[in-house]
2 protein chains.
Amino acid sequence: MLVSELSERAEVPLATVKYYLREGLLPAGEPTGPRRAEYDECHLRRLRVLRLLREVGEVPVASLRQIVDALDDADLPVHDAMAVIADVISAGPEPGAQDPDALEMVDDLITSMGWDRIRAESVDRIRLAGLVSMLNGPGPLGASPEVLQFYAGLADHLAKTEISLVDHSADRSRLLEDMLTGSVVYGQVFAILRQLGHEHHHAEVVQAAASGTPGA
Amino acid sequence: MLVSELSERAEVPLATVKYYLREGLLPAGEPTGPRRAEYDECHLRRLRVLRLLREVGEVPVASLRQIVDALDDADLPVHDAMAVIADVISAGPEPGAQDPDALEMVDDLITSMGWDRIRAESVDRIRLAGLVSMLNGPGPLGASPEVLQFYAGLADHLAKTEISLVDHSADRSRLLEDMLTGSVVYGQVFAILRQLGHEHHHAEVVQAAASGTPGA
DNA sequence: GTTGTAAGATAGTGGCGATATCCAAGTTGC
DNA sequence: GCAACTTGGATATCGCCACTATCTTACAAC
């Protein structure tokens, strides 16, 4: 297929497709002449993944480039590619000052969960420490080890189930793309369901309080 | 305290504090003269909340204004204020074409969870339908009712626990600010823990597959 | 008084994600 | 064979957003 068809099928403006080609997010098509090139289903899939990451995951274009580099590096084992991708997606603008206490809390949590496969350089580990440090700073919110354990237990259950559901027999690029998009989209799905749960349960306690203290 | 002290204590650049005052995110201080005004702890708390929502939650400034409007409207009951805030935070750029099938799946899910307090206009409900529609479109990922139920069950448990932990006896603005910041920060905490869980469990299945098929 | 800084208003900056325009070279319809 | 159209490719421009810098006036403290 030609660029214009690619653009139509993915419902992405032609100018944007060209932009992605320019940025190296989308590999160039197979040239069939000096001013002509052919694109296939892989390009279409890749383009859909890119748009999903941008629109649902709000991943910046610069990060997308790092992600496709990992995706397309056939020498990189699947698990290492996922690690690179996880780091890129979690990377924020904030290196921030390290808080040793918070980092220790996080490492204790990781140990108590038996998560012995987490890399020490994991961006998520550092970022979590940043959040914990923020929670334990000024303000009424606090992150006790018990509360963190509760969250981690739930997250472990969710993550374990999700990993068990992926079809590990697919070929490398499909596998990576599916894990990536699944992680992003279902992450959003869960976040929204949590919000909906808040709305429902908050309504219930408010009503209970109102009927329990009718004159207050 | 004076603006400069407010800026120092919250570790926010003075120019940014002035910007927030201009935008109406931060109420003006009590004027003690034609060119002088006094700020108190409420301003400091509010400023910290605003920065947290921006930095952790990546909430746009325009949304912050809508949020503080709800926060400061003393006539708005707490639950209604939370509903407004939830809608503002979940609002994306995408009204998008409605997919009746996806919306029906979402409504079935909501019914099966017993979530009878969700407003029909809830932005989250619509957004979830958008994601489901995307999952059931082209691509290998699919959102079956069973999978959605699994996510919703977990989300319900999490949300219920979180709601039970908030101190409902605090005064209105503290209560709202705490629920809001808690929701945003712990949402991030959970998301990161999920990622860490993925990293650990994926490493385990990869290793199991490698030792199970040593010569493949 | 002199100096420093607050408050307030106005204008400017930088990053990012596209989008628009132009051009030379092929392709297609006739 | 010829004209109209489209493609790939390069360059320029746009719009939004979150700040940030500058300037002015007036008060406060020494």
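Atom set for the values below is all heavy atoms of this structure, side chains included, hydrogens, waters and symmetry mates excluded. In what follows, chains are A, B, ... by sequence order, proteins preceding strands, each numbered from 1.
Residues satisfying the side chain to side chain contact (heavy atoms under 4.5 Å, CB included) test with B:H168, not counting sequence neighbours, are A:A209. In terms of the side chain to side chain contact (heavy atoms under 4.5 Å, CB included) criterion, residue partners of B:R22 (sequence neighbours excluded) are, by chain and number, B:K18, B:Y19. The side chain to side chain contact (heavy atoms under 4.5 Å, CB included) check on A:S144 picks up A:E146, A:V147, with sequence neighbours excluded. Shown here are the salt bridge (Lys or Arg N to Asp or Glu O under 4.0 Å) partners of A:D171, two or more places apart in sequence or in another chain: A:R174. Take A:V206 and apply the side chain to side chain contact (heavy atoms under 4.5 Å, CB included) test, not counting sequence neighbours, and it matches A:H202, B:H79. Contacts of A:E55 classified as salt bridge (Lys or Arg N to Asp or Glu O under 4.0 Å), with partners at least two apart in sequence or in another chain: A:R51.
Across the protein-nucleic acid pair, B:E5 atom CD and C:dA6 atom C1' stand 13 Å apart, rounded to whole Å. Taking atom CE of B:M1 as the reference point, atom P of C:dA6 lies 14 Å away to the nearest angstrom. Rounded to an integer number of Å, the gap from CD of A:E38 to P of C:dG26 is 17 Å. Remark: P of C:dT5 and CG of B:L6 are 18 Å apart, rounded to the nearest angstrom. Atom CG in B:L26 sits about 15 Å away from atom C1' in C:dG8, given to the nearest Å.
Within the structure, side-chain hydrogen bond (donor to acceptor under 3.5 Å, both in side chains) pairs that include any residue of residues 63-73 of chain A comprise A:E23-A:R65, A:R46-A:D72 (at least two apart or interchain). Each ring-ring contact (aromatic ring centres under 6.0 Å, His included) pair with one or both residues in residues 40-64 of chain A, not counting sequence neighbours, appears once here: A:Y39-A:H43.
OP1 and OP2 of C:dT5 both lie 4.0 Å or more from every side-chain N or O belonging to B:S4.
Rounding to the nearest 0.5 Å places NE2 of A:H157 at 4.0 Å from OG1 of A:T161. Rounding to the nearest 0.5 Å places CG of B:L196 at 5.5 Å from CD1 of A:I110. In this structure, the separation between CG on B:L128 and OG on B:S133 is 11.0 Å, given to the nearest 0.5 Å.
At the heavy-atom level, B:A37 lies under 4.0 Å from the strands shown only through sugar-phosphate atoms.
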I'd like a table of atom pairs between the protein and nucleotides 28-30 of chain D - only N or O on both sides, under 3.5 Å - with the distance next to each one.
none

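Looking at every heavy atom in both residues, B:W115 comes nearest to A:H201 through NE1-NE2, 4.2 Å.
Applying a 4.0 Å cut-off to non-hydrogen atoms, the residues of residues 14-24 of chain A that approach DNA chain C are A:A15, A:T16, A:Y19, A:Y20, A:R22, listed by residue number. Listed by residue number, there are no residues of residues 56-65 of chain A with a heavy-atom contact under 4.0 Å to DNA chain D. DNA chain C is contacted by A:R51 of residues 39-53 of chain A, taking any non-hydrogen atom closer than 4.0 Å.
Heavy atoms from other residues, nucleotides or ligands lying under 6.0 Å from CD of A:E11 number 12 at most.
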